[in-house]
There are 2 protein chains.
Amino acid sequence: MITLYLAEDQSMLNSALTQLLELEDDLHVVGSASDGVTAWTEIQQLQPQVAILDIEMPALLGLDVADRIKAAGLTTKVIILTTFAQKAYFERAVAAQVAGYLLKDSPSDDLIEAIRKVMQGQTVYAPELVVNMLSANNNPLTERELAVLAEADKGLPTKTIAANLFLSAGTVRNYLSAIFSKLGVHNRLEAIKLAKQNKWLV
Amino acid sequence: MITLYLAEDQSMLNSALTQLLELEDDLHVVGSASDGVTAWTEIQQLQPQVAILDIEMPALLGLDVADRIKAAGLTTKVIILTTFAQKAYFERAVAAQVAGYLLKDSPSDDLIEAIRKVMQGQTVYAPELVVNMLSANNNPLTERELAVLAEADKGLPTKTIAANLFLSAGTVRNYLSAIFSKLGVHNRLEAIKLAKQNKWLV
DNA sequence: GTGAAAAGATGACATTTGTCATATCATAAT
DNA sequence: ATTATGATATGACAAATGTCATCTTTTCAC
């Protein structure tokens, strides 16, 4: 019998999956949560064999939970279950040595299959991710540029951004200009949109 | 036996729900799709008693499918199943006289219950929506202002916005200025953020 | 049918942005 | 030791943006 914990903040999917997994003779869902903090607390107590974690959850990202599971030395294997194939998330997941990374864009039977494979020691990655990995869309922005862009994203004018980051207004505009040129756009809005699309900016 | 059709583009949820609904003795899923066009085609052929439609799907919105079902005079009852409580969507759904409007933020049992109620002629609306409706956080922007803001949101410069809407650049700036003053902000970015927060802008 | 909004326009002006050249200093890589 | 890169800054200039006053037409409610 494989014991499972499910952390997924979309109730419809959470409850549907829970019931579905329970139908399998060799699977048992010992608990579920719709936020990261609850998940982390309960996983420590229940020590399930496999934890299925959504990434985007209130309070704590699934990836953060994965990090903690690893840091705490639990034997719980982690399967990340998320909506989109985003490189940044996938990289973090790999770094946290998760056992599986599935997309919600695949049928529920894939999840069941993945659980069994993971318990046999295999790692299961959605093929889309691997492809995505190879087509390196790496963040061209430096840390400072990102900081400036993040301020700009708040809708603040140059002066305020400068004040917030203890820079001169000119420097801020330089950074923005550098950002635009790297991203091939011509104003803040476009830069922000692009950076968000690529998840360089949250 | 109630015949169902399920249109949902997130495969994990689609397959999980299909299997779950099939477990109920009085429910039968006659078909499912992950895009609006397929859904519409098959609903016409299969004429299910209830169609469960996601809103955001490729090719055709669930709401569009609902409109067509109504226009074609089918007896198929529609339950909209969507992620967020957005007033605009809800209003369209009510206008299309859908029988139910559920959020994915509710457990799957709610859906099953809703299906049975709908077949008894009841309408089922998520309570969050009704609350949202009453707390009239009414949009102070006119249709035209919204259109301008939507263009601005694409990151386009004034000229291009003007060209796209067949307006003069000056008019566009006037509209933006009017928007800022109504919203109490001083630039596009802030206006867009505020409008999105209030769901006046998608 | 009058009056109030809303849609649309123009022109002028001040401010904010975006671009560019150029410079210093620190650090990391070869 | 030299070179590249990143962080930081200035000054100058052009282009885009935001503000205001003012004007016309259409539409819709009373």
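Chain naming here is simple, since letters A, B, ... match the order of the sequence lines and numbering starts at 1 in each.
If you measure from atom CZ of A:Arg188 to atom C1' of D:dG18, you get 14 Å, rounded to the nearest angstrom. In this structure, CD1 of B:Ile192 is placed 11 Å from P of D:dT17, rounded to the nearest angstrom. In this structure, CD of B:Glu190 is placed 10 Å from P of C:dT17, rounded to the nearest angstrom. Across the protein-nucleic acid pair, A:Leu167 atom CG and D:dA7 atom P stand 10 Å apart, rounded to whole Å. Nucleotide C:dT16 holds its P atom 18 Å from the CG atom of A:Leu189, rounded to whole Å.
B:Arg116 is listed as a side-chain neighbour of B:Glu24, based on a closest heavy-atom distance under 4.5 Å. Taking the side chain as every heavy atom from C-beta outward, B:Leu102 and B:Ile80 never approach each other to under 4.5 Å. Contact annotation: the side chain of A:Glu8 never approaches that of B:Met12 to less than 4.5 Å [non-hydrogen atoms, C-beta and beyond]. At least one side-chain heavy atom of B:Glu22 sits less than 4.5 Å from a side-chain heavy atom of B:His28.
Residue A:Thr158 has a polar side-chain atom (N or O) positioned under 4.0 Å from OP1 or OP2 of C:dT17. The side chain of B:Ser168 places an N or O atom within less than 4.0 Å of a non-bridging phosphate oxygen (OP1 or OP2) of C:dT10.
Less than 4.0 Å separates DNA chain D from at least one heavy atom of each of the following residues of residues 169-187 of chain B: B:Arg173, B:Asn174, B:Ser177, B:Phe180, B:His186, B:Asn187.
Going from atom CE of A:Met57 over to atom CG of A:Leu63 covers 9.0 Å, rounded to the nearest 0.5 Å.
The environment of B:Lys182 atom NZ is dense: over 12 non-hydrogen atoms of other residues, nucleotides or ligands sit within 6.0 angstrom.
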Look for any protein N or O under 3.5 Å of an N or O in nucleotides 23-30 of chain C and output each such pair with its distance, or none.
none

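Under 4.0 Å is where a charged nitrogen must lie from a carboxylate oxygen, and between A:Glu151 and A:Arg188 no such pair does. Salt bridge absent: A:Lys154 and B:Glu190 never bring a charged side-chain N and a carboxylate O closer than 4.0 Å.
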